[in-house]
Amino acid sequence: MILEQDLLTGIDRFDPEVLGQVYDLYSPGIYRYAYRLLGDDQLAEDCVADTFFRFLNALRGERGPETNLKAYLYRIAHNWITDSYRRRSPVITELDEELPNIQDDRLEIQVEKRSDQQKVRLALASLTPDQRQVIVLRFIEGWENKEVADALQKPVSAIKALQHRALAMIRKMVIP
Amino acid sequence: MRIPFLRKKTGKEEKLDLLFETFKQTPERSVENWRNGRERFLQQAQTIAQKEKSSARAVESHRTSTLPQKTLQLKPVLIVFLVLLFLAGGGGLAVSSAQASYPGDLLYRVKTISEDIETGMMVKPENELTRVMDFTDRRVDEIGHLLETQAAIPQRVQNRYQNQLENAIKLALAAPDNRVVAELTQLRERVKRQQERLAGFGSRTSMNNLSVFEAIQSMLKERLGWIDSGIGNPEVLREQMRLREMERRGTAWPFTLTPGSNTATTYLSATPTPKSGNGYGPGLTPTGTRTPGDGYGPGPNPTGTRTPGGYKPNPTNTGTPGGNGPNPTHTKPTQQPGPTNQPQPTHRPGTTQVPGPKH
């Protein structure tokens, strides 16, 4: 079991072993987080690479995290994704050419699944950055309110209010 | 996890739960990408750690006033050591170490030479295209690093990036006719991502690098225009590239490629001498009328006012959502590098929340 305090001590020393552990521990989750919101594997890879690069730069400038490394990294990734949303319009996922080779019932399921995912992605894109982060961390990543509050540096009550408003908006958008 | 409603869920809430469950499903990350990403991250960490150490050494040396002598004594020794290392069969090691170097580093020249050798040894154009594009990604990394560290971007790095992009376009055009559009489309995606990545560095651009940064962005926009025109009509772009090559060798009049144009006649309007409409920048309007800001220089807005999303400091301090620049109300700019890109201690409505710095 890796203790976060050990990681926090090691990263300040740029210990390659500890940095490797940090990457192994958090990069898969950050990739999934980015992929869900961006819907593009290459962009998700770029997000992971830039998140860890910014993390190193923050360490160099002694602006690294003192506690809750995970929340810190997700915050950087979240900012990257927010910037990415601003730079481009949301990706409209096109169906792959291979899909027709799938058996009919599976094809239907696949199409429906991708359509649902895209629907949620577009609904999330229309939320404010804070609302989006709350919904994704809380309901998709499965974080507790306290953890989300740490990541957003807001009180739990504010997180609950954001969550309430965001869920109402999403419901209106995705469920006719 | 399920949405923790205390009362019985309505049909809509259950449907939303299901949608979230579907949304959770993501494809597995490729192991190769994970390995490459990890390796790159550790290399970056090592480079930063080394710079930190050398910086600490420099400070220490400065205190004892022996820095100039030490530098002078160490440099030739280091160079001789590296040459001997290379001759003794450690060339591979040096080349390998050089791959993590940046412009201005001792081994950077080794890195560029190794790239040239590698490109020259490639036989299959498709392999060469992939590799050349990898090299352009490296240029973006280097430019990003220089912007991050507020170091000047050398002209040779810009030139190398531009030449490699143009080489990639040529290689894509050399693909068989049934694949050329696919190759160009793939190339377009890659260049587009590079453009987006560079735009992400915009907020960290110092005033010294601003014009260079804009020139690079402009160059990228122009090359994307070429690729677009190639996707529309590869034959026209082939001809444009051929003429450009001839012009480089001095066998034709200089000419200006018109991004987005699909007709061979538009770019053939020869411009024998450089004028204010040549070079980077918006150039002529479609009607051919020159406007203020044509030609060299940062563009038409002399006041330097940026729209939200720009990369200059936000002088109005309104906390607009798109702003990436530092907040002028804070007295420690190094601790407040920008609302979206770096950690900051406070949160203002409408801005992106970011991690807080150590104090």
Side-chain angles (χ1 to χ4, degrees), chain A residues 14 16 19-20 23-24 27-28 31-32 35-36 41-46 48-50 52-54 56-66 71-72 75-76 78-80 82-84 86-88 113 116-117 119-121 129-130 133 138-140 142 151-154 167 170-171 174-175, chain B residues 1-3 11-13 15-20 22-27 29-30 33-34 37-38 40-42 44-46 48-49 51-52 141 144 148 189-190 193 196-197 199-200 203 308-309 321-322 324 334-335 337 339-343 345-347 350-358:
Chain A
F14 276 84
L19 287 170
Y23 192 88
D24 295 345
S27 74
Y31 172 82
R32 284 195 299 274
Y35 182 89
R36 282 174 187 137
D41 63 339
Q42 193 52 52
L43 272 179
E45 286 292 348
D46 286 350
V48 174
D50 227 29
F52 280 89
F53 183 62
R54 288 180 189 187
L56 286 177
N57 276 321
L59 290 178
R60 181 177 57 178
E62 294 187 357
R63 287 174 281 108
E66 286 177 336
Y72 185 90
R75 216 149 55 219
I76 301 179
H78 168 76
N79 293 341
W80 194 96
T82 304
D83 286 343
S84 172
R86 285 181 187 142
R87 286 196 298 267
R88 67 187 191 127
K113 186 177 130 188
D116 283 349
Q117 286 179 335
K119 216 187 283 179
V120 177
R121 194 170 292 128
D130 280 350
Q133 199 176 9
R138 183 85 182 89
F139 299 116
I140 311 296
L152 270 80
Q153 294 179 323
K154 285 179 185 293
L167 275 177
I170 289 192
R171 229 177 269 137
V174 299
I175 304 167
Chain B
M1 80 163 276
R2 315 293 281 185
I3 305 171
K12 280 190 176 185
E13 285 160 358
K15 171 91 171 110
L16 189 58
D17 272 2
L18 283 173
L19 280 173
F20 281 162
T22 311
F23 189 65
K24 277 183 195 174
Q25 295 166 25
T26 50
R29 187 182 182 196
S30 117
N33 284 348
W34 167 77
R38 189 182 198 274
R40 191 169 143 185
F41 169 63
L42 291 176
Q44 286 168 341
Q46 196 184 359
I48 289 174
K51 281 188 180 166
E52 286 291 295
D141 289 343
E148 288 270 356
E189 284 307 303
R190 192 97 176 245
R193 276 184 198 128
E196 284 174 1
R197 281 194 61 206
S203 60
N324 278 344
T334 52
Q335 294 183 348
T340 61
N341 289 326
Q342 291 291 333
T346 58
H347 175 68
T351 57
T352 310
Q353 183 67 331
V354 288
K358 283 178 182 178

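Throughout, protein chains are lettered first and strands after them, A, B, ... in sequence-line order, and every chain is numbered starting at 1. Just so you know, these numbers come straight off a predicted model, no measurement behind them.
- Within the 4.5 Å cutoff, no side-chain heavy atoms of A/Asp46 are placed close to those of B/Glu196.
- Closest non-hydrogen pair, A/Ser27 versus B/Arg29, comes out as OG-NH1, 3.2 Å.
- B/Phe41 is linked by a ring pair (Phe, Tyr, Trp, His ring centres under 6.0 Å) to A/Tyr23, A/Phe52, counting only residues two or more places apart in sequence or in another chain.
- Of the inter-residue distances, the one linking B/Thr26 atom OG1 with A/Arg36 atom CZ reads 4.5 Å to the nearest 0.5 angstrom.
- Scanning all heavy atoms of the two residues, the minimum distance from A/Ile140 to B/Lys24 falls at O-CE, 3.5 Å.
- Heavy-atom distances place the side chain of B/Leu42, and not its backbone, under 4.5 Å from chain A.
- Taking all atoms of both residues into account, the shortest heavy-atom contact from B/Pro27 to A/Tyr31 is O-CE2, 4.1 Å.
- Within the model, atoms CD of B/Glu189 and CG of A/Leu43 stand 9.0 Å from one another, a figure rounded to the nearest 0.5 Å.
- Residues passing the side-chain hydrogen bond (donor to acceptor under 3.5 Å, both in side chains) test with B/Lys15, sequence neighbours excluded: none.
- Distance CG/B/Asn33 to CD/A/Gln42: 7.0 Å, rounded to 0.5 Å.
- Contact annotation for A/Asp41: neither backbone nor side-chain heavy atoms come within less than 4.5 Å of a heavy atom of chain B.
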- Given the rule in the side chain to side chain contact (heavy atoms under 4.5 Å, CB included) test, do B/Trp34 and A/Asp24 qualify, once you have shown the distances and angles that lead to the verdict? CA-CA 9 Å; B/Trp34 167 77; A/Asp24 295 345; 3.2 Å; yes
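- Taking CZ of B/Arg38 as the start and CG of A/Leu19 as the end, the distance is 9.5 Å to the nearest 0.5 Å.
- Between the side chain of A/Glu45 and the backbone N or O of B/Gly37 there is no donor-acceptor pair closer than 3.5 Å.
- A/Ile170 places a side-chain heavy atom less than 4.5 Å from the side chain of B/Phe20.
- From B/Gln25, atom CD reaches atom OH of A/Tyr35 across 11.5 Å, with rounding to the nearest 0.5 Å.
- The OG1 atom of B/Thr22 sits 5.0 Å away from the CG atom of A/Asp116 when rounded to the nearest 0.5 Å.
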